[in-house]
Amino acid sequence: MSEQMKPVRVRFAPSPTGHMHLGSGRTALYDYLIARKTGGKFILRIEDTDRKRYVPGAEEELIEGLHWLGLDWDEGPDIGGPYGPYRQSERGEIYREYARKLVGMGHAYFCFCTPDRLERVRQEQQKRKDIIRYDGTCRGLDPDEALKRVANGERHVIRFKAPREGVTTVHDLLRGDITVDNQTIDDFVLLKSDGLAVYHLAAMVDDHLMKITHVIRGSEWLPTFPLHALIYRAFGWQEPVWVHLSVFLKPSGKGKMSKREAAELGKDGYSIFIADLKQSGYIPEAVVNWIALMGWSYDDRTEFFTLSDLIDKFSLERLNPAPAAINFSKLDHFNGLHIRSLAIGDLAQRLRPYFEKGGLKVDPVILEKVTPLVQPRITTLDDAVDIAGFFFLEHVEPRIEELIGKDLSLRESAEIAQKSYKALESVETFNAENTETAMRQLVEELGLTAGQVFGILRVAITGQKVSPPLFESMEIIGKQKTLARIRYAVNLLENSVEKGYF
RNA sequence: GCCCCCAUCGUCUAGCGGCCCAGGACGUGGCCCUCUCAAGGCCAAAACGGGGAUUCGAAUUCCCCUGGGGGCACCA
């Protein structure tokens, strides 16, 4: 059994600061896949140590988004677990304890510098084009003296005492060894003056305490990766396997998506937010398939994957460290593919809310019949409303200019509609086969093309120039309604003839 | 400015020294099927950023350049 096959403990650790987006969805997916594949545990942990950035409702959206994608976890704030609590805001005392422990070990120190002074130092460093870092004022303070000041209630933070000389080598699964000069590792703040931990401390302590074996996170953590490894080493803990995922770039491939650009996408029904994608009629199977392949591949040809396929085939080794541009047309493609692979009953149930949202009253019997016609024709669920909404309408209102057949006059079109009515009226068993036979006969008698005649009927019956196959549609609508709609169209055409339009 | 990461068709990618005058997919163009639109089938155009080095042989290894991305908070 390879190293990878041992049961892992992985965690998805989002901070509830906004909408759940594709990047976090992918990280969560990879976490989930490797956990399920190895028979390990997938843990959800909320990183909400920054109270200023907390967004109410974000945690709920996160949980909803994960569930929608089909991911479930073994431990988390909502279901508990043996290593809780799973919300960092509830673990403050733990971080304070470990921060003090680090001070005691000589790996961290109290710092009494004010944010004001720090800001001035930074600006000066900037002006001098120096390396921007903490200037070390409190680093050399006498520990007993510092402790006394703390006891006196002086406002302070705890900083990590990063090594000043030498290099630090860390290992990323995808990139191999990364060696940095220790001069570039700052004395980061571990514990803020409000007594709350920052990410660097909280995440490391939690990952260790929660026995996380593989840390899978975004590459925005690469620059502080050595610091994190150093914290592990200072405590004498065994490091997890570190995996830094590439970032998602905007479709152009130039830079990551800004807020404004994300909003701009919405005009085309696209979005980087999971909740929006659901709203737009994308199905989770497609989204999962799509994001799984942005940064991971199975081989040189297989692209269609269900969640369980992915559990079966996923491996961390086949992750790609290069940044990936988001390609929404590929999402459309996968959505179509997965929609077409759905069972009719399943698809029908998923379609229903979209029709209802479109103000249609859905007859379940009709819906079940309409679904197979719609299935190969939609790329998103809400496309069904445009293409097949007429099935659930009492009346349709064709546009007179669209009722005129190709290369035909208004008068001719009226006559054809009238003759079609007659032909269809005499069809006893009103199914697609019989109506098509009758109509093809009429087409031949008239010496016209099928396209000319069927086009008129299509507009009459569906109110649209584009629709599912005509005769199947007529069968679903039924003889009575079909004839009524043709009658209505005939009247429309004849009235226009009388009024001398066109 | 400093630090880190990355680099194959427009995009997602396969390729881990000879199987590659580079394979698949999306998108694009064409054809077939066809009552419209799709779906489906077939075909086509389309890439190893540049320069050195190693080697009998490099898309694959090493170095430099260039380009792109990320980071430089008492945010995560």
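Just so it is clear: chains get the letters A, B, ... in the order the sequence lines come, proteins before strands, and each one is counted from 1. This structure is a prediction, so every number in the text was calculated from the model and none was measured.
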Taking atom CD of A/E444 as the centre, does the number of heavy atoms from other residues, nucleotides or ligands within less than 6.0 Å exceed 12?
-> no

Where A/R11 and A/I216 come nearest, the two heavy atoms and their spacing = NH2-O, 3.8 Å

Expressed as a whole number of Å, how far does the P atom of B/A76 sit from that of B/C64?
-> 36 Å

Nucleotide B/U8, atom P - distance to CG of A/N320 in whole Å | 9 Å

Full working for ring-ring contact (aromatic ring centres under 6.0 Å, His included) between A/Y30 and A/W296 | CA-CA 9 Å; A/Y30 289 163; A/W296 176 84; 7.4 Å; no

Distance between C1' atoms of B/U8 and B/C3 (Å, rounded) | 28 Å

With heavy atoms under 4.0 Å as the rule, sort A/V180 into base, sugar-phosphate or nothing.
-> sugar-phosphate

Taking atom C1' of B/A76 as reference, at what distance in whole Å does atom CD of A/E47 sit?
-> 7 Å

Whole-Å P distance, B/C26 and B/C4 = 40 Å

Take the angle between the ring planes of A/H208 and A/Y232 and call it parallel below 30°, perpendicular above 60°, tilted in between.
-> perpendicular

Considering only atom C1', compute the distance from B/U36 to B/G49 and round it to an integer number of Å.
-> 47 Å

Considering only heavy atoms and no angle criterion, is a donor-acceptor pair shorter than 3.5 Å present between the side chain of A/S193 and the base of B/C74?
-> yes

Under the ring-ring contact (aromatic ring centres under 6.0 Å, His included) criterion, do A/F188 and A/Y134 qualify, and how do the steps go?
-> CA-CA 8 Å; A/F188 280 93; A/Y134 177 59; over 10 Å; no

Distance, rounded to the nearest Å, where A/D177 contributes CG and B/C4 contributes C1' = 15 Å

Under-4.0 Å salt bridge between A/E472 and A/K369 | no

Name the nucleic acid region contacted by A/L191, choosing base, sugar-phosphate or nothing; use a 4.0 angstrom heavy-atom cut-off, strictly under.
-> nothing

To the nearest Å, give me how far apart NE2 (A/H200) and P (B/A73) are.
-> 10 Å

Go through A/T169 and A/D177 one step at a time and tell me if the side-chain hydrogen bond (donor to acceptor under 3.5 Å, both in side chains) criterion holds.
-> CA-CA 6 Å; A/T169 298; A/D177 283 345; over 6 Å; no

Separation of A/Q183 atom CD from B/C72 atom C1', in whole Å?
-> 16 Å

Side chains of A/D332 and A/S329, donor plus acceptor under 3.5 Å = no

How long is the line joining CZ of A/R120 and P of B/A73, in whole Å?
-> 17 Å

Mind checking the C1' distance from B/C19 to B/A14? Whole angstroms is fine.
-> 14 Å

So what does A/E472 hit on the nucleic acid, given a heavy-atom distance under 4.0 Å: a base, only sugar-phosphate, or nothing?
-> base

Between protein and nucleotides 58-69 of chain B, map the contacts as a letter string: B base, S sugar-phosphate only, - none, heavy atoms under 4.0 Å, written 5' to 3'.
-> -----------S

When rounded to the nearest Å, what value does the distance between C1' atoms of B/A7 and B/A59 take?
-> 12 Å

Describe the nucleic acid contact of A/C111 in one word from base, sugar-phosphate, nothing, applying a heavy-atom distance below 4.0 Å.
-> nothing

Per the atom types in the model, does the base of B/C5 pair as donor or acceptor with the side chain of A/R175 at under 3.5 Å?
-> no

note: A/L222, atom CG; B/C6, atom P; distance rounded to Å ~ 8 Å

Between B/C63 and B/G30 - C1' atom distance, rounded Å | 47 Å

Describe the nucleic acid contact of A/A197 in one word from base, sugar-phosphate, nothing, applying a heavy-atom distance below 4.0 Å.
-> sugar-phosphate

With sequence neighbours left out, the residues meeting side chain to side chain contact (heavy atoms under 4.5 Å, CB included) with A/N431 are A/T429, A/E433, A/N434, A/E475

Donor-acceptor side-chain pairing of A/S473 and A/R458 below 3.5 angstrom | no

Strand-adjacent residues in residues 326-335 of chain A, judged by heavy atoms under 4.0 Å from RNA chain B | A/N327, A/S329, A/K330, A/H333

Think A/R122 has a side-chain N or O under 4.0 angstrom from the OP1 or OP2 of B/C74?
-> yes

Within residues 14-31 of chain A, residues whose heavy atoms come under 4.0 Å of RNA chain B | A/S15

For A/T49, report the nucleic acid contact type (base, sugar-phosphate, nothing); a contact means any heavy atom under 4.0 Å.
-> sugar-phosphate

Electrostatic pair A/R45:A/D207 at N-O distance under 4.0 angstrom = yes

Do the charged groups of A/R440 and A/E445 touch, with an N to O distance under 4.0 Å?
-> no

Residues from residues 434-447 of chain A lying under 4.0 Å of RNA chain B - heavy atoms | A/R440

Scan every strand shown for a Watson-Crick or G-U wobble partner of B/C56, both distances under 3.5 Å, and answer none if you come up empty.
-> B/G18

When we call it a touch if two heavy atoms are under 4.0 Å apart, what does A/R377 touch: a base, just sugar-phosphate, or nothing?
-> base

Just by distance, with hydrogens left out, do A/T379 and A/N335 show a side-chain donor and acceptor under 3.5 Å apart?
-> no

Those residues at least two apart in sequence (or on a different chain) that pass salt bridge (Lys or Arg N to Asp or Glu O under 4.0 Å) with A/R120 are none

Does A/R340 put a side-chain nitrogen or oxygen below 4.0 Å from OP1 or OP2 of B/G40?
-> yes

Polar side-chain atom of A/N182 near backbone of A/R164 as donor-acceptor pair, under 3.5 Å = no

Quickly, which of A/L22, A/L277, A/L265 forms a side-chain contact (heavy atoms from CB on, under 4.5 Å) with A/S271? Name it, please.
-> A/L277

Can you tell me the distance, in whole Å, between the CZ atom of A/R133 and the P atom of B/C74?
-> 13 Å

Of A/D186 and A/P468, the one whose nearest nucleotide on RNA chain B sits closer to the 5' end is A/P468

C1' atoms of B/A39 and B/C33, separation to the nearest Å | 11 Å

Mate of B/A25 where both pairing distances stay under 3.5 Å, Watson-Crick or G-U = B/U11

Taking atom types as modelled and ignoring hydrogens, do the side chains of A/D206 and A/Q88 form a donor-acceptor contact shorter than 3.5 angstrom?
-> yes

With sugar-phosphate meaning primed atoms plus P, OP1 and OP2, does A/L470 contact a base, only sugar-phosphate, or nothing at under 4.0 Å between heavy atoms?
-> base

Contact class for A/G336 vs. all strands (heavy atom < 4.0 Å): base, sugar-phosphate, or nothing?
-> nothing

To the side chain of A/P469, which of B/G70, B/G23, B/U36 is closest?
-> B/U36

Between the side chains of A/Y199 and A/D50, does any donor sit under 3.5 Å from an acceptor?
-> no

Would you tell me if any nitrogen or oxygen in the side chain of A/K192 comes within less than 4.0 Å of OP1 or OP2 on B/C75?
-> yes

Between A/F471 and A/R318, just flag the one whose closest nucleotide in RNA chain B comes earlier from the 5' side.
-> A/R318

Under 4.0 Å between any heavy atoms, over every strand shown, what does A/W221 touch: base, sugar-phosphate, or nothing? Just pick one.
-> base

